[in-house]
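What you see is a predicted model; the values in this text were computed from it and never measured.
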Amino acid sequence: MLNELEKIKKEFSDSIKTAKDSQSLEDLRVKFLGRKSELTSVLRSLGTISQEERALVGQKANTLRKEIEARLEEIKHNLNQKTGGEVSIDHTLPGLPLSLGKKHPITKTIQEIVGIFSLLGFQVATGPEIETDYYNFEALNFPPDHPARDEQDSFQIDNGKYLLRTQTSPVQIRVMEKTKPPVRIISPGACYRRDNPDASHSPMFHQMEGLAVDTDIHFTDLKGILGEFIHQMFGKEIKMRFVPSFFPFTEPSAEVAISCIICGGKGCPTCGRSGWLEVLGAGMVHPNVFKKVNYDPKKYTGFAFGMGVERIAMLKYGISDIRLFYQNHLQFLNQF
Ligand code: DAH
């Protein structure tokens, strides 16, 4: 019987070399450990032999059984690793749900505005958020003591050497300094003013600047471009009106309003019962600005406009408090 065990051991170690997949392993398990295996019949016949022999053969047979089991397990494990878990991974199980992020409504609004102006031939330009007084005010025709500065209370850095830009208009100057006309740019970005936060103010907010300069640009071009933008952004039924206004860097200047998207122009609390919502500032580039960037004001004309991105987003999506954009509550953000 001991010989028989030796023979089984040898046979198993020969056969196991050829096992290459889980099926052949299972066949070997049945052949060497199954009910009809030689090892099982050796164990069954232990009762027929002498007591001393029984202890020895029984012990050897059980050891062999454990060895075979361990070897089969080991090979199965190696095989699984090689095949990427042929047996233990069920490839038909559904995947785990991935939660995809969303664009912030301000990013979404900026991209939408940029998309519209890109189709109208405008390129995106950017500028620094830390500016000098020269670019933020002086080159834009705000002399040092001009009262128009009062509306844009700034955050100063290094005792006034720099400031956080209060508007995106300085990008106009930076672009014109570097480029010869024709110019057609839009410039989205963050701006900063020393305002206390409330439903319509935030010390950090976003603007979208626009500038077009060429030899033959007229106020009608400004109206045409802005009219197209407003129709694409808010809908064809929305009306636009220009109201005379003042900005140091444009002349003439205008405030542009749209018919109230809440009440359709009849008058409601959102539009202060006027039927109109102010959405942006605009005008024809002031000759003094052209002089600062060495453009000949006799040769070139241009228009500029600037809008608050938050204001556009609030009107478009019906948001009543600007602070909601920065609190980043998922309940709010997930709606867009
Ligand atoms: N920068 C102005 C502001 O923050 C907005 C503005 C008005 C920009 C008229 C322009 C413009 O380019 O032409 O109040």
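A 6.0 Å sphere centred on CD1 of Ile130 holds no more than 12 heavy atoms belonging to other residues, nucleotides or ligands. Heavy atoms from other residues, nucleotides or ligands lying under 6.0 Å from NZ of Lys102 number more than 12. Heavy atoms from other residues, nucleotides or ligands lying under 6.0 Å from CD of Glu151 number 12 at most. Within 6.0 Å of atom NZ in Lys316, more than 12 heavy atoms from other residues, nucleotides or ligands are found, so the atom counts as buried in its surroundings.
Proximity of a side-chain donor or acceptor of His104 to a complementary backbone N or O of Ile106 within less than 3.5 Å is detected. In this structure, Asn141 contributes its side chain and Pro248 its backbone to a donor-acceptor pair below 3.5 Å. Between the side chain of Glu228 and the backbone N or O of Ile225 there is no donor-acceptor pair closer than 3.5 Å. Side chain of Ser259 to backbone of Lys239: a donor-acceptor contact under 3.5 angstrom is found. Between the Ser45 side chain and the Ser41 main chain, a donor and an acceptor come within less than 3.5 Å of each other. The closest donor-acceptor contact from the side chain of Gln207 to the backbone of Thr168 lies under 3.5 Å. Judged by distance alone, the side chain of Thr109 and the main-chain N or O of Ala313 form no donor-acceptor pair under 3.5 Å.
The ring-ring contact (aromatic ring centres under 6.0 Å, His included) check on Tyr317 picks up Phe336, with sequence neighbours excluded. Residues forming a side chain to side chain donor-acceptor pair (under 3.5 Å) with Asp221 (at least two apart in sequence, or on another chain): none. Applying the ring-ring contact (aromatic ring centres under 6.0 Å, His included) test to Tyr162 and every residue at least two apart in sequence or in another chain returns nothing. His146 pairs by the ring-ring contact (aromatic ring centres under 6.0 Å, His included) definition with Phe246, not counting sequence neighbours. Asp214 meets the side chain to side chain donor-acceptor pair (under 3.5 Å) test with no other residue; sequence neighbours excluded. Shown here are the side chain to side chain donor-acceptor pair (under 3.5 Å) partners of Tyr135, two or more places apart in sequence or in another chain: Glu177. Remark: Ser320 engages no residue in a side chain to side chain donor-acceptor pair (under 3.5 Å) (not counting sequence neighbours). In this view, Glu53 and Ile49, Ser50, Val57 satisfy the side-chain contact (heavy atoms from CB on, under 4.5 Å) rule, not counting sequence neighbours.
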side-chain contact (heavy atoms from CB on, under 4.5 Å) between Ile258 and Phe234, worked out: CA-CA 9 Å; Ile258 59 172; Phe234 294 106; 3.9 Å; yes
Quick one, Ile157 with Leu163, criterion side-chain contact (heavy atoms from CB on, under 4.5 Å). Give me CA distance, side-chain angles, the key distance, then yes/no. CA-CA 5 Å; Ile157 301 172; Leu163 50 79; 6.0 Å; no
For the pair Cys191 and Thr166, evaluate side-chain contact (heavy atoms from CB on, under 4.5 Å) and give the outcome as yes or no after the intermediate values. CA-CA 5 Å; Cys191 302; Thr166 56; 5.9 Å; no
Test log, rule side chain to side chain donor-acceptor pair (under 3.5 Å), inputs Asp195 and Ser202: CA-CA 6 Å; Asp195 281 329; Ser202 159; over 6 Å; no
Going through the distances and angles, do Leu72 and Ile16 end up as a side-chain contact (heavy atoms from CB on, under 4.5 Å)? CA-CA 8 Å; Leu72 285 171; Ile16 196 75; 3.8 Å; yes
Checking side chain to side chain donor-acceptor pair (under 3.5 Å) for the pair Gln156/Ser154: CA distance, chi angles, key distance, verdict? CA-CA 6 Å; Gln156 304 279 320; Ser154 52; 2.9 Å; yes
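Each of Lys7, Arg44, Lys10 was checked for a salt bridge (charged side-chain N to carboxylate O under 4.0 Å, His left out) with Glu38, and the lone residue meeting it is Lys7.
A salt bridge links Glu11 with Lys31: the distance from a Lys NZ or Arg NE/NH1/NH2 to an Asp or Glu carboxylate oxygen falls below 4.0 Å. Salt bridge status for Asp133 with Arg149: present, with a side-chain N to carboxylate O gap under 4.0 Å. Salt bridge Lys66/Glu73: absent, no basic N to carboxylate O contact under 4.0 Å. In summary, Glu74 and Arg71 engage in a salt bridge, as defined by a charged side-chain N under 4.0 Å from a carboxylate O.
Under the 3.5 Å distance criterion, with hydrogens and angles disregarded, a donor-acceptor pair is assigned to the side chains of Gln23 and Asp27. Between the side chains of Ser187 and Glu209, no donor-acceptor pair is found at a separation under 3.5 Å. Side-chain atoms of Ser37 and Thr40 include a donor-acceptor pair closer than 3.5 Å.
Sorted by first then second residue, the ring-ring contact (aromatic ring centres under 6.0 Å, His included) pairs that include residues 272-292, not counting sequence neighbours, are Phe290-Tyr295. Judged as a ring-ring contact (aromatic ring centres under 6.0 Å, His included), the pairs with a partner in residues 4-53 (not counting sequence neighbours) are, in order, Phe12-Phe32. Among residues at least two apart or in separate chains, there is no ring-ring contact (aromatic ring centres under 6.0 Å, His included) pair with a member in residues 167-212.
For Phe117 and Phe229, the ring centers are positioned less than 6.0 Å apart.
Taking Ile, Leu, Val, Met, Phe, Trp and Tyr as hydrophobic and joining them when side-chain heavy atoms fall under 4.5 Å apart, one finds Val30 isolated, its cluster having no other members.
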